[in-house]
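To start, the structure under review is shown below, and the notes come after it.
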Amino acid sequence: MRVVNYSALARYIQGEVQSTFGDEVDPNTIVTAIMRLSNQLEEPQVPKSPLAGSRVNLVTGISEVQIVAPPVSHGMIVADVLKLGAFDSYMLSLRQTQLGIRIFTNQSDAERLKEGLRDHRVEIQEGFAELHLRLPAAMEGLAGALTMIVDVLSQNGVHAIDAHEADGEISLILREDDAGRAFDALRALSR
């Protein structure tokens, strides 16, 4: 409802307001109250996304290094990886599986790993990207944040290859071809 003449409305209801409160009421006070109420009713409250305030970062050029080995030799392989020393990449994501060890890193570090682990069967697959989200404080520790993000990506035709959640941060590995769509979908929710 849109009021055109607040002063006329204030004069019209002044008697009723005075009888309710029992005192003399200035019409300007009634006008101010009507205007505030009108403004609140006119401004639709748009629900905020739970990801509002998140920081989204996209890194392309990620490779998967698969070191094929039985679980009993994983400790030795991790020790060998650590012996190789510092890597060029800020990112070295390592996961143990029944087939071996999966490491997601940049291309130059992937080649360095393959060279340094010649004694093992090492396979490199390129064409991945990492989508990294730093959740707002209100979302930290909230169960279901990762599920919600994966659902949003799935609705946009993007499927995560790997996901990790810790300390209010979520890291998703996905195909580089899908990276732009994923970034746009999550950036829209983070505003």
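Position 1 is the first residue of the sequence; numbering continues from there. Note that these values count all heavy atoms, side chains included, but never hydrogens, waters or copies made by symmetry. Quantities reported herein were computed from a predicted structural model and do not represent experimental measurements.
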Measure the spacing between [atom1] of [X] and [atom2] of [Y] and express it to the nearest 0.5 Å.
| X | Y | atom1 | atom2 | answer |
| --- | --- | --- | --- | --- |
| I13 | Q18 | CD1 | CD | 10.5 Å |
| L99 | I67 | CG | CD1 | 13.0 Å |
| L133 | S54 | CG | OG | 6.0 Å |
| E64 | D162 | CD | CG | 8.5 Å |

_Pairing residues for D151 by the side chain to side chain donor-acceptor pair (under 3.5 Å) criterion, not counting sequence neighbours_ =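 Applying side chain to side chain donor-acceptor pair (under 3.5 Å) to D151 gives Q155.
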Any donor-acceptor pair under 3.5 Å from [X] side chain to [Y] backbone:
| X | Y | answer |
| --- | --- | --- |
| T32 | N28 | yes |
| N5 | S7 | yes |
| E130 | I62 | no |
| R11 | P27 | no |

Ignoring hydrogens, what is the shortest heavy-atom contact between [X] and [Y]? Give both atom names and the distance.
| X | Y | result |
| --- | --- | --- |
| A69 | I77 | CB-CD1, 3.3 Å |
| G157 | R181 | O-NH1, 3.5 Å |
| L172 | A160 | CD2-CB, 4.1 Å |
| S154 | H159 | OG-CE1, 3.9 Å |
| H74 | T97 | CE1-O, 3.1 Å |
| F183 | L58 | CD1-CB, 3.9 Å |

*Compare all side-chain heavy atoms of Q14 with those of I30 and state whether any distance is below 4.5 angstrom.*
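Touching, per the 4.5 Å side-chain cut-off.
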*asked:* A side-chain contact here means heavy atoms from C-beta on lying under 4.5 Å apart; do V31 and I34 qualify?
replied: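 The answer is no, as the side chains (C-beta and beyond) never meet within the 4.5 Å cut-off.
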Inspect the surroundings of [atom1] in [X] and state if more than 12 heavy atoms from other residues, nucleotides or ligands are less than 6.0 Å away.
| X | atom1 | value |
| --- | --- | --- |
| M76 | CE | yes |
| R55 | CZ | no |
| E16 | CD | no |

_Residue that, paired with R102, satisfies side-chain contact (heavy atoms from CB on, under 4.5 Å) out of E123, Q96, Q66_ =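 Between R102 and the candidates, side-chain contact (heavy atoms from CB on, under 4.5 Å) is satisfied uniquely by Q66.
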Tell me whether [X] shares a hydrophobic cluster with [Y], the cluster being built from Ile, Leu, Val, Met, Phe, Trp, Tyr side chains joined at under 4.5 Å.
| X | Y | value |
| --- | --- | --- |
| I124 | V68 | no |
| V122 | V72 | no |
| L84 | I101 | yes |

*asked:* Which residue is it: E126, Q107, Q125, E111? I am looking for the one with a side-chain hydrogen bond (donor to acceptor under 3.5 Å, both in side chains) to S63.
replied: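 So, applying the side-chain hydrogen bond (donor to acceptor under 3.5 Å, both in side chains) to S63 and each of E126, Q107, Q125, E111, only Q107 qualifies.
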*Step by step, would you call S93 with R95 a side chain to side chain donor-acceptor pair (under 3.5 Å)?*
CA-CA 7 Å; S93 174; R95 307 274 192 276; 2.9 Å; yes
*Does the pair L186 and L153 meet the rule for a side chain to side chain contact (heavy atoms under 4.5 Å, CB included), with working shown?*
CA-CA 8 Å; L186 292 178; L153 293 178; 4.0 Å; yes
*Who passes ring-ring contact (aromatic ring centres under 6.0 Å, His included) against F128, sequence neighbours left out?*
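Only F104 meet the ring-ring contact (aromatic ring centres under 6.0 Å, His included) criterion with F128.
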*In terms of side-chain geometry, is the basic nitrogen of R175 or D178 positioned less than 4.0 Å from the acidic oxygen of its partner?*
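Looking at R175 and D178, the cut-off is not met.
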*asked:* Walk me through whether V150 and L146 qualify under side chain to side chain contact (heavy atoms under 4.5 Å, CB included).
replied: CA-CA 6 Å; V150 170; L146 179 59; 4.1 Å; yes
*When you look at D119 and D80, which way does the side chain to side chain contact (heavy atoms under 4.5 Å, CB included) test go after all the steps?*
CA-CA 10 Å; D119 300 340; D80 289 346; over 6 Å; no
_Worked verdict on N156 versus V152 for side chain to side chain contact (heavy atoms under 4.5 Å, CB included)_ = CA-CA 7 Å; N156 285 277; V152 167; 4.0 Å; yes
